[in-house]
Peer 1: 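Take a look at the following structure, please.
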Amino acid sequence: MENCIFCKIIAGEIPSQRFYEDDEIIVIKDIEPKAKLHYLCIPKQHFALLSEMNGEQAEIVKRLFEKVGKIAPQLGLGEGYRVIINQGENGGQTVRHLHVHLLGGEKLGDF
Ligand code: AMP
Ligand code: ZN
């Protein structure tokens, strides 16, 4: 997708610190961390919203969560973490390519 910052990161056109990658997803460090550890888990297929997701993408997102559960300890999130998906304007979504925030590395406050 043109002008999508996450598609450019996936394509290697914008540098990122990658912590996990396979054929379906990447996990990178958020450039403006909101917690001691802040990762973004990004499906390689471009779509912006859960409401736009097709069946194949839903399967990818399902596997994304399975993988997050498995790799969390390797990411330093073994003591627990928060999962956030911002959706649309009111949800505060600034990058319109679906992504899952993983926040942890410390005791998080209420939100
Ligand atoms: P959201 O507000 O849910 O759309 O989240 C977008 C996130 O992407 C924010 O937390 C940004 O800090 C992060 N971000 C933006 N550009 C980059 C980048 N080049 N590398 C890593 N994270 C980024
Ligand atoms: Zn994209």
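All values below come from the heavy atoms of this structure, side chains included, with hydrogens, waters and symmetry mates left out. One-based numbering, in listed order, for ligands and for the atoms of each.
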Peer 1: Short list, please: which atoms of ligand 1 are under 4.0 Å from a heavy atom of Asn86?
Peer 2: 1 (P), 2 (O), 3 (O)
Peer 1: Would you mind checking if Lys62 and Glu59 are paired as a salt bridge, meaning a charged N to carboxylate O distance below 4.0 Å?
Peer 2: yes
Peer 1: Check Glu24 with Lys67, please: is the shortest side-chain N to carboxylate O separation under 4.0 Å?
Peer 2: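 Yes, charged N to carboxylate O under 4.0 Å.
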Peer 1: What part of Phe6, side chain, backbone, both or neither, has a heavy atom within less than 4.0 angstrom of ligand 1?
Peer 2: side chain
Peer 1: Return the CD1 to NE2 distance between Ile5 and His99, rounded to the nearest 0.5 Å.
Peer 2: 10.5 Å
Peer 1: Near Lys29, which atoms of ligand 1 are under 4.0 Å from a heavy atom of that residue?
Peer 2: 21 (C)
Peer 1: Looking at the Zn ion (ligand 2), which N/O/S atom of His46 is the nearest one?
Peer 2: ND1
Peer 1: So which of Ile84, Leu108, Leu103 actually passes side-chain contact (heavy atoms from CB on, under 4.5 Å) with Lys34?
Peer 2: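 Of the listed options, the one satisfying the test is Leu103.
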Peer 1: Just which atoms of ligand 1 are under 4.0 Å from any heavy atom in Ile28?
Peer 2: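 Taking each heavy atom of Ile28 in turn, ligand 1 has 21 (C) under 4.0 Å.
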Peer 1: Could you check whether atom CD of Glu89 has more than 12 heavy atoms from other residues, nucleotides or ligands sitting under 6.0 Å from it?
Peer 2: no
Peer 1: Go through the steps to decide whether Asn86 and Val95 satisfy the test side-chain contact (heavy atoms from CB on, under 4.5 Å), and finish with yes or no.
Peer 2: CA-CA 9 Å; Asn86 293 327; Val95 179; over 6 Å; no
Peer 1: Could you check atom 1 (P) of ligand 1 against the protein and tell me its nearest heavy-atom contact, residue, atom and distance included?
Peer 2: His99 NE2, 3.1 Å
Peer 1: Counting each atom of ligand 1 from 1 as listed, which ones have a heavy atom of Gln93 under 4.0 Å away?
Peer 2: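 Those of ligand 1 that fall under 4.0 Å from Gln93 are 4 (O).
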Peer 1: Looking only at protein heavy atoms, which one is nearest to atom 12 (O) of ligand 1, and what is the separation?
Peer 2: Asp30 OD1, 2.6 Å
Peer 1: First locate atom CD1 of Ile71, then atom SG of Cys41, and finally report the distance between them rounded to the nearest 0.5 Å.
Peer 2: 6.0 Å
Peer 1: State the NZ-NE2 distance between Lys8 and His97, to the nearest 0.5 angstrom.
Peer 2: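 So the NZ of Lys8 and the NE2 of His97 are separated by 13.5 Å.
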Peer 1: Check whether Ile10 and Ile25 end up in the same hydrophobic cluster, where Ile, Leu, Val, Met, Phe, Trp and Tyr are linked by side-chain heavy atoms less than 4.5 Å apart.
Peer 2: no
Peer 1: Does some non-hydrogen atom of Gly92 fall short of 4.0 Å from ligand 1?
Peer 2: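 The answer is yes, since Gly92 has a heavy atom less than 4.0 Å from ligand 1.
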Peer 1: Which residue owns the protein heavy atom closest to atom 16 (N) of ligand 1, what's the atom, and how far is it?
Peer 2: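 Heavy-atom neighbour on the protein nearest atom 16 (N) of ligand 1: Ile5 CD1, 3.7 Å.
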Peer 1: Could you tell me whether Leu40 approaches ligand 1 through its side chain, its backbone, both or neither, with non-hydrogen atoms closer than 4.0 Å?
Peer 2: side chain
Peer 1: Are there over 12 heavy-atom neighbours, none belonging to Asn90, within less than 6.0 Å of that residue's CG?
Peer 2: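 Open: at most 12 neighbouring heavy atoms sit under 6.0 Å from CG of Asn90.
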Peer 1: Can you name the atoms of ligand 1, numbered from 1 with element, that are less than 4.0 Å from a heavy atom of Glu32?
Peer 2: 12 (O)
Peer 1: Answer yes or no for Arg96: is there a heavy-atom contact with ligand 1 below 4.0 Å?
Peer 2: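 Under 4.0 Å: no for Arg96.
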Peer 1: Hey, can you tell me if His101 and His38 have their rings parallel, tilted or perpendicular (30° and 60° cut-offs)?
Peer 2: tilted
Peer 1: Heavy atom to atom 22 (N) of ligand 1, shortest distance: which of Val95, Ile42, Ile31 holds it?
Peer 2: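 Minimum heavy-atom distance to atom 22 (N) of ligand 1 goes to Ile31.
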Peer 1: Give the residue, atom name and distance (to 0.1 Å) of the protein heavy atom nearest atom 18 (C) of ligand 1.
Peer 2: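 I find the closest protein heavy atom is Ile9 CD1, 3.8 Å.
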Peer 1: Kindly give the atom name of the N, O or S atom of His97 closest to the Zn ion (ligand 2).
Peer 2: ND1
Peer 1: Looking only at protein heavy atoms, identify the closest one to atom 2 (O) of ligand 1 and say how far it is in Å.
Peer 2: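 Of the protein heavy atoms, Thr94 OG1, 2.9 Å lies nearest.
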